[in-house]
Participant: 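I have a structure I would like to understand better, so I am pasting it below and will then ask my questions one at a time.
Residue numbers start at 1 and run along the sequence shown. In listed order, ligands and their atoms are each counted from 1. Everything numeric here is computed off the predicted structure, so don't read it as measured data. Scope of the values below: all heavy atoms of this structure, side chains included, with no hydrogens, waters or symmetry mates.
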Amino acid sequence: MNDYTLPFNEEKIREIEKTFKTPFYLYDEKGIVQCVEKIKEAFSWNKGFKEYFAVKATPNPAILKILHSLGCGLDCASSTELMLAQKIGVTGCEIMFSSNDTPKEDYILAKKVGAIINLDDCSHIDFLAQNAGIPETVCFRYNPGTDFIVQNDIMGQLKQSKFGMTKKQLLESVKKLSKMGAKKFGVHAMLASCALNEDYYPTLAKELFSLALEIKKEAGIALSFVNLSGGIGIPYKPEETAVDILKIGKKVEEVYKNIIEANGMELSIFTEMGRFVTGPYGYLVSTVLHEKSTYKNYLGLDASACDLMRPAIYGAYHHITLLGKEDAPKDTMYDVTGSLCENNDKFAVDRMLPKAQIGDIAVIHDAGAHGYSMGYNYNGKLKCAELLLEKDGNVKIIRRAQKPEDYFATLDIYPEFRK
Ligand SMILES: *Cc1c(COP(=O)(O)O)cnc(C)c1O
């Protein structure tokens with residue numbers, strides 16, 4: 001069971017509000033740091049372990065710097081994400097470049113900064129060679145092409161997945177790149193998303209460790225690393241339970257002993273978690289602007305799907321707390337909405353909440369990953385600010401809210417839009 005304890009109360013938000021208007025994102029540094037420490041502990045048995053945080057989840061320099069200071073690398077997927085990494089001083093093998101359908105400019109920059117390039121397809125070898133050259137270290141993204149089943153649960157229909165290459169292609173790619181001068185190799189796969197099953201990583205590890213064994217036998221090449229990528233889930237819904245990352249680490253260790261160590265091999269484990277690292281530690285804080293009763297009761301917030309689109313596009317559940325009413329009976333059913341001219345702009349549908357009042361603060365939980373970063377500007381809505389609740393309780397702005405000038409920036413081709 002998820003208890004949705006907040007690292008702040010209404011008084012704290014009322015104080016923050018004096019400086020920063022809602023809506024804003026608020027990230028809890030302490031929560032993020034503790035999570036990373038736990039991940040490191042879970043895989044401390046593996047000498048070369050490294051978490052490459054998936055930048056797309058929370059692409060804020062302040063958050064990325066905290067993660068880097070804890071020893072994390074960054075997983076980038078585009079040239080702009082590479083530039084973001086560069087700006088905060090993360091380069092070389094501290095970057096995993098896991099892209100697909102990659103433009104040549106991106107490969108050129110990835111090679112230039114010395115990132116570990118994760119090839120999504122065998123056809124990219126020549127494309128990379130022609131445009132950027134062959135790097136010393138290369139990773140290959142694997143797609144087993146079967147249903148990926150963990151404890152009778154089909155977690156991915158991989159024949160439908162655009163990602164990765166077949167085993168045959170992968171084996172040929174390793175041999176080819178070795179001939180072309182690459183020296184170190186790794187394999188990568190992400191076969192599920194938001195997995196709450198603690199056997200996801202261990203099952204994936206078994207698949208990739210076995211592949212490492214096959215590569216050794218077939219091509220005579222010992223892999224340097226296996227990248228388990230992201231996909232570890234968080235409990236969004238009240239009835240869901242958080243995974244125990246220490247247990248997951250132990251189970252991966254067992255598989256490692258049975259397959260890798262038993263065959264006299266050694267390799268580093270990498271991960272690319274995003275959601276698990278920042279998801280639970282980011283909150284979208286907003287104010288109730290309007291209450292409306294027609295055929296249903298509606299609470300209109302000052303945030304919209306432009307700030308957090310997961311409910312609108314996936315029907316995703318995000319828990320909502322009305323501050324100061326944590327212990328009040330949830331006796332009123334609401335649709336909690338934003339202001340977009342789209343009926344799917346609803347943070348919650350038929351949600352039981354305490355009776356709300358205009359001016360109440362509504363906190364939307366578990367918005368720390370794939371929240372702000374998915375935002376957009378539909379209806380001319382401007383993206384909100386991001387704030388950091390530091391370990392000592394201080395609140396710092398880490399991204400300002402958009403201004404109309406930002407919205408008009410790409411219209412500077414017209415004199416009337418130039419400043
Ligand atoms: C999205 C993504 C991740 C992170 O996924 P989470 O679900 O946030 O853990 C990691 N690696 C790759 C290649 C991705 O596309």
Participant: Any salt bridge linking Asp350 with Lys296? Criterion: basic side-chain nitrogen under 4.0 Å from a carboxylate oxygen.
Facilitator: yes

Participant: Taking the side chain as C-beta and beyond, is there a heavy-atom pair between Ile269 and Phe209 under 4.5 Å?
Facilitator: yes

Participant: State the atoms of ligand 1, each with its element, that fall below the 4.0 Å cut-off from a heavy-atom position in Arg275.
Facilitator: 6 (P), 7 (O), 8 (O), 9 (O)

Participant: Checking the N or O distance criterion of under 3.5 Å, is ligand 1 in contact with Ser193?
Facilitator: no

Participant: Does any N/O atom on Arg141 come nearer than 3.5 Å to any N/O atom on ligand 1?
Facilitator: no

Participant: Near Ser98, which atoms of ligand 1 are under 4.0 Å from a heavy atom of that residue?
Facilitator: 13 (C)

Participant: When you measure from atom 2 (C) of ligand 1 to each heavy atom in Met190, Glu272, Lys56, which option holds the nearest one?
Facilitator: Lys56

Participant: Between Tyr200 and Phe148, is the gap from one ring center to the other below 6.0 Å?
Facilitator: yes

Participant: I want to check a possible cation-pi pair here: Arg275 against Tyr236, using under 6.0 Å from ring centre and within 45° of the ring axis as the test.
Facilitator: no

Participant: Check Asn118 against ligand 1 and report side chain, backbone, both or neither, counting heavy atoms closer than 4.0 Å.
Facilitator: neither

Participant: For ligand 1, which atoms have a heavy atom of Ala54 less than 4.0 angstrom away?
Facilitator: 3 (C), 4 (C), 10 (C)

Participant: Which atoms from ligand 1 have a heavy atom of His370 less than 4.0 Å away?
Facilitator: 6 (P), 8 (O)

Participant: Could you list which atoms of ligand 1 come closer than 4.0 Å to a heavy atom of Gly231?
Facilitator: 5 (O), 6 (P), 7 (O), 9 (O)

Participant: Under a 4.0 Å N-O cut-off, is there an ion pair linking Glu37 with Lys40?
Facilitator: yes

Participant: Please confirm whether Lys383 makes a cation-pi placement over Tyr372, using NZ or CZ under 6.0 Å from the six-membered ring centre and within 45° of the ring normal.
Facilitator: yes

Participant: Please identify which of these residues, Ile66, Leu26, Asp28, meets the side chain to side chain contact (heavy atoms under 4.5 Å, CB included) condition with Leu388.
Facilitator: Ile66

Participant: Please identify which atoms of ligand 1 are closer than 4.0 Å to at least one heavy atom of Asp75.
Facilitator: 10 (C), 11 (N), 12 (C)

